[in-house]
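Beneath this line is the structure, given in structure tokens, with notes to follow.
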Amino acid sequence: MLLTLIITLVIALVVIAVIVNAIQQHKERLATLRRAEFSKLRTILEDTEELLVNSPNVPMSPGMSQMLLRRTALTLKAMVELESSARDIKQRLEETEKRLADTNSDTNSMSDAVALPDNDQQLIGMIKGIKKLRTVLRAEHARGNVDTQMVIQEDKRLEILQLKINVESQIKRGIQARTNNMLGSARQYYEKALTALSNTPHQDDYSTTRKSEVIQALQDIASELKEGNMRDREKKEEKENKDLDELFAPKRKW
């Protein structure tokens with residue numbers, strides 16, 4: 001009887017140990033998933049806030065600003081649910097919701113005019129920012145946070161803005177190259193601008209006007225190159241004639 005009781009107690013302890021271990025493993029697995037989800041949310045938050053901080057460098061409509069702030073607010077809410085004791089996150093959520101309320105009452109219009117930076121790295125950063133904005137726009141649409149009409153309008157606006165930055169930067173480089181008498185390089189820059197203008201599906205007044213100007217610049221460069229080649233040939237022929245004259249000139253008697 002005593003042996004049976006001991007065996008029963010041992011089995012019960014083993015079962016309890018297995019159950020406790022399973023519960024502990026489940027808790028650890030949940031904690032790991034929670035940390036992974038929190039890290040994912042933090043990455044989304046940092047990317048979104050980076051876009052908001054860099055917004056002065058890229059013309060952004062009120063609708064886009066509101067979308068980014070809503071994305072920030074939703075991310076912070078999800079982070080609060082995972083870490084309810086995080087006071088700093090709660091405070092940032094309150095500040096974001098206040099900013100969002102302020103932008104909802106802001107109906108000021110915006111302009112697509114943008115000043116190109118002289119630094120190539122800044123220009124690359126601007127292009128990357130626009131591409132990231134378009135990616136975020138589609139992602140928010142997939143989550144149901146942005147209506148389809150806004151996606152169509154904003155994506156088109158950003159695509160045209162990206163085209164303008166590309167074209168204007170190529171033209172700017174072409175002008176600098178022509179100023180430095182680097183006609184071959186200038187031609188390459190203008191040809192890249194022409195390709196971008198020709199391939200865009202958005203044929204508006206800007207693309208038509210710029211395309212005409214670029215074609216004229218390419219024609220001028222072709223004429224300058226032709227004239228330069230003619231001058232080089234004339235100089236070469238003149239030098240050859242001079243050499244022949246010196247070769248066949250009568251020798252002087254000393």
Side-chain angles (χ1 to χ4, degrees), residues 47 50-65 67-68 108-138 151-240:
D47 289 343
E50 181 182 355
L51 288 171
L52 285 167
V53 169
N54 293 331
S55 60
N57 297 323
V58 179
M60 193 178 296
S61 68
M64 287 294 290
S65 297
M67 180 201 73
L68 293 176
N108 292 334
S109 59
M110 48 81 64
S111 171
D112 282 344
V114 59
L116 295 181
D118 295 326
N119 187 292
D120 286 344
Q121 290 300 321
Q122 291 178 339
L123 186 63
I124 292 172
M126 183 181 291
I127 294 293
K128 287 183 177 179
I130 294 174
K131 289 182 177 180
K132 187 177 288 188
L133 266 177
R134 297 178 70 186
T135 300
V136 169
L137 181 65
R138 297 189 187 100
V151 174
I152 295 173
Q153 292 176 351
E154 290 295 336
D155 191 66
K156 178 182 177 181
R157 187 183 68 82
L158 290 172
E159 186 177 8
I160 292 175
L161 181 59
Q162 190 174 328
L163 169 71
K164 288 182 178 180
I165 293 174
N166 182 20
V167 170
E168 295 302 321
S169 64
Q170 296 297 343
I171 291 176
K172 183 178 179 180
R173 292 176 179 180
I175 292 173
Q176 292 174 344
R178 286 186 72 181
T179 302
N180 296 327
N181 202 31
M182 300 167 60
L183 297 181
S185 297
R187 180 173 59 187
Q188 291 179 358
Y189 290 131
Y190 279 109
E191 285 175 347
K192 289 179 181 179
L194 181 60
T195 299
L197 289 166
S198 300
N199 292 340
T200 180
H202 308 294
Q203 297 296 329
D204 52 13
D205 291 341
Y206 170 81
S207 59
T208 302
T209 302
R210 272 311 198 194
K211 188 186 296 185
S212 176
E213 294 172 355
V214 169
I215 291 174
Q216 183 60 53
L218 285 170
Q219 292 175 348
D220 294 341
I221 290 173
S223 298
E224 292 174 19
L225 286 171
K226 184 177 180 181
E227 292 173 1
N229 291 334
M230 289 180 62
R231 286 194 298 270
D232 291 341
R233 283 198 299 270
E234 289 174 356
K235 289 180 180 179
K236 184 178 180 181
E237 291 174 359
E238 183 179 348
K239 184 177 183 303
E240 290 175 349

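With sequence neighbours excluded, the residues that form a side-chain hydrogen bond (donor to acceptor under 3.5 Å, both in side chains) with D155 are R134, R138. Considering only residues two or more places apart in sequence or on other chains, A193 meets the side chain to side chain contact (heavy atoms under 4.5 Å, CB included) condition with V167, Q170, I171, V214. For the side chain to side chain contact (heavy atoms under 4.5 Å, CB included) test, residues two or more places apart in sequence or in another chain that qualify with E191 are R187, L218. With sequence neighbours left out, K156 forms a side-chain hydrogen bond (donor to acceptor under 3.5 Å, both in side chains) with no residue at all. A search for side chain to side chain contact (heavy atoms under 4.5 Å, CB included) contacts involving Q153 returns Q149, not counting sequence neighbours.
Side-chain atoms of S169 come within 3.5 Å of backbone N or O of N166 as a donor-acceptor pair. Of the possible polar contacts, none joining the S212 side chain to the T208 backbone as a donor-acceptor pair under 3.5 Å is found.
L163 approaches A196 most closely through the heavy-atom pair CD1-O, 3.6 Å.
Inspection of the Q216 and D220 side chains reveals an N or O donor paired with an N or O acceptor under 3.5 Å. No hydrogens or angles considered: a donor-acceptor pair under 3.5 Å links the side chains of D204 and S207.
You'll find the side chain of V136 stays beyond 4.5 Å of the side chain of D47, heavy atoms only. In this structure, the side chains of L183 and N181 come closer than 4.5 Å at one or more pairs of heavy atoms. With contacts defined as side-chain heavy-atom distances shorter than 4.5 Å, the pair E154/M67 does not qualify. Between K211 and Q203, some side-chain heavy-atom pair lies under the 4.5 Å cut-off. Contact annotation: the side chain of L133 approaches that of M64 to within less than 4.5 Å [non-hydrogen atoms, C-beta and beyond].
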Taking it one step at a time, do E168 and R210 satisfy side-chain contact (heavy atoms from CB on, under 4.5 Å)? CA-CA 9 Å; E168 295 302 321; R210 272 311 198 194; 2.8 Å; yes

Verdict with reasoning, K192 to R173, per side-chain contact (heavy atoms from CB on, under 4.5 Å): CA-CA 11 Å; K192 289 179 181 179; R173 292 176 179 180; over 6 Å; no

Please tabulate, one pair per line, all N/O donor-acceptor pairs under 3.5 Å involving side-chain atoms of residues 121-129, not counting sequence neighbours.
none

